[in-house]
Amino acid sequence: MSGLFKSSIGKKLIMSVTGLCLVLFLLFHMSMNLVAIFSGEAYNKVCEFLGTNWYALAGTAVLAVGFLLHIVYAFILTIQNRRARGNVRYAYSVRPKMVEWASQNMLILGIIVLVGLGLHFSHFWYKMMFAELVGAEHQFGPTDGAAWLQFYFSQPVIVVLYLVWFVAIWFHLTHGFWSAIQTIGWNNLVWMSRIQKISTIFATIICLGFAAVVITFFVKSLCCCAA
Amino acid sequence: MKVTLKVWRQANAKAKGEFVTYKDVETTPDTSFLETLDILNESLVERGEEPITFDHDCREGICGMCSLYINGHPHGPATKATTCQLYMRRFKDGETITVEPWRSAGFPVIKDLMVDRSAYDKIQQAGGYVSFNCGGAPDANALPISKEKADLAMDAATCIGCGACAAACKNGSAMLFVSAKISQFALLPQGRPEAARRARAMVAKMDELGFGNCTNTRACEAECPKGISITNIARMNREFLKAKFKD
């Protein structure tokens, strides 16, 4: 494996593998969140289990390393690509029809995802998992996930910000998922369009799942106010 | 018909270039784009001006020399065609056509619309060949090759190395070209013994020459005059990773 990670394909492999790990995490996170729609109590049980589980903490640490690698290599590759493009840009440029908009804007989409993640961490991770680890006290308990969901998603501005964030994640995933598979080399003429469709369907399921929780709690808050 | 040509003019590799507009260039719908440039050049010579320098050779879509970026597309708006296969009927009477050289750090401008594409030759020389003597032509079917693989190898081998892939790519990546050259050998039994060495050497040379990293936008595939598929890039990645994991 000498020199693998110094090569262009090696660096892309890091992006792909870490990206696929993050995709799997999103699937897990979305499935966990869906529980909150059906039962706040059951959701709190999940929060309780994960908050005090050292395996989950170890998993979070591994995921954080993967996430950092994904971001660092995104910037390294982008800097190299800008250098390779040269200093003079085309005066007249057209995007061919088969080129997805997302594929040409992955870095900016990634930055939006990152900013949204900062907001999400300050809302939930900091007041739940982190609070439990350091014993900090906030408005609600660290394992009372349902109360936190109800608190934040009853605020229209936060709801809109989260929905915009999910749209950015959707665009990032529609390209990122199939692109990772292509980079690893698991693609051919037969699977090309299939993988792209699977990628779009997967991204849509993930983002609709997340959005469903946000919208459900927002609607619940409206109903409570009306009552 | 008459067209206005907005052409990139640059005296030499170090000079600062700029667009020069040539109005009312007389041509016909059945004249090729390169012939229209020839017509313009003749008029420039008659006026005592420096003609426009541009690459061209076979003018039948085989050599890959005609490297022009026309109205936002490498080789112009026609699909699966080189610049020499582009005819003026693709444009409207009175249209302004912007003509630029390939823009990529790997292809520095030599003069006007001509760029140095020797980087592709260097990548090819790094491993795009079979180094042993295959002897005379073998008997038919002595070396069985499936129709599917033969077709894929032939499709990859249609790459003419024109550079449109790197020119179209926002990352200046040459991976479509390199993957086509790796694939045309990797798919055939004659190319397998050196497949690992070839993938290692050609990718290393591509990186050394400063080409960018593919982000799978598919712009290269959309603009390739020979329709080379990016599934070749997946094959190149497989070949390279297999070779590197064995190192």
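What's counted below: heavy atoms across the whole structure, side chains too, no hydrogens, waters or symmetry copies. Proteins get letters first, then strands, A, B, ... in listed order; numbering begins at 1 in each.
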query: With distance as the sole test, does A:H175 use its side chain to make a donor-acceptor pair with the main-chain N or O of B:T215 at under 3.5 Å?
result: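 A pair under 3.5 Å: yes.
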message: Given 3.5 Å as the limit, does a donor-acceptor pair link the side chain of A:Y90 with the main chain of B:R103, or not?
response: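 Judged by distance alone, yes, a pair lies under 3.5 Å.
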Does a side-chain heavy-atom distance below 4.5 Å link [X] with [Y]?
X	Y	result
B:F245	A:L4	yes
B:K170	A:N81	no
A:V94	B:N71	no

Let me know if [X] has heavy atoms under 4.5 Å from chain A in its side chain, its backbone, both or neither.
X	result
B:P101	backbone
B:L241	side chain
B:A166	backbone

field: Heavy-atom pairs under 4.5 Å with chain B, option from A:S179, A:G86, A:A102 with the top count
entry: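 So the answer, after comparing A:S179, A:G86, A:A102, is A:S179.
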Hey, could you give me the [atom1]/[atom2] distance between [X] and [Y], rounded to the nearest 0.5 Å?
X	Y	atom1	atom2	value
A:W101	B:T217	CH2	OG1	14.0 Å
B:N171	A:T78	CG	OG1	8.0 Å
B:N216	A:W178	CG	CH2	4.5 Å

Distance-only side-chain donor-acceptor flag, A:S8 / B:D207, under 3.5 Å: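 A:S8 vs B:D207: donor-acceptor pair found between side chains.
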Considering all heavy atoms, the nearest [X]-[Y] contact:
X	Y	result
A:A84	B:G210	CB-O, 3.2 Å
A:K12	B:N213	CD-CB, 4.0 Å
B:F240	A:G10	CE2-N, 4.5 Å

Residues from residues 182-203 of chain A approaching chain B under 4.5 Å (heavy atoms):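 Residues of residues 182-203 of chain A touching chain B at under 4.5 Å: A:Q182, A:T183, A:I184, A:G185, A:N187, A:N188, A:L189, A:M192, A:Q196.
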- prompt: Most heavy-atom pairs under 4.5 angstrom with chain A, which of B:E223, B:R238, B:E100, B:K244?
  reply: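 Most pairs with chain A among the choices: B:E100.
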message: What part of A:R89 gets within 4.5 angstrom of chain B, counting heavy atoms only: side chain, backbone, both, or neither?
response: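 Only the backbone of A:R89 comes within 4.5 Å of chain B.
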Contact class of A:R85 relative to chain B, heavy atoms under 4.5 angstrom: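 The answer is both parts of A:R85.
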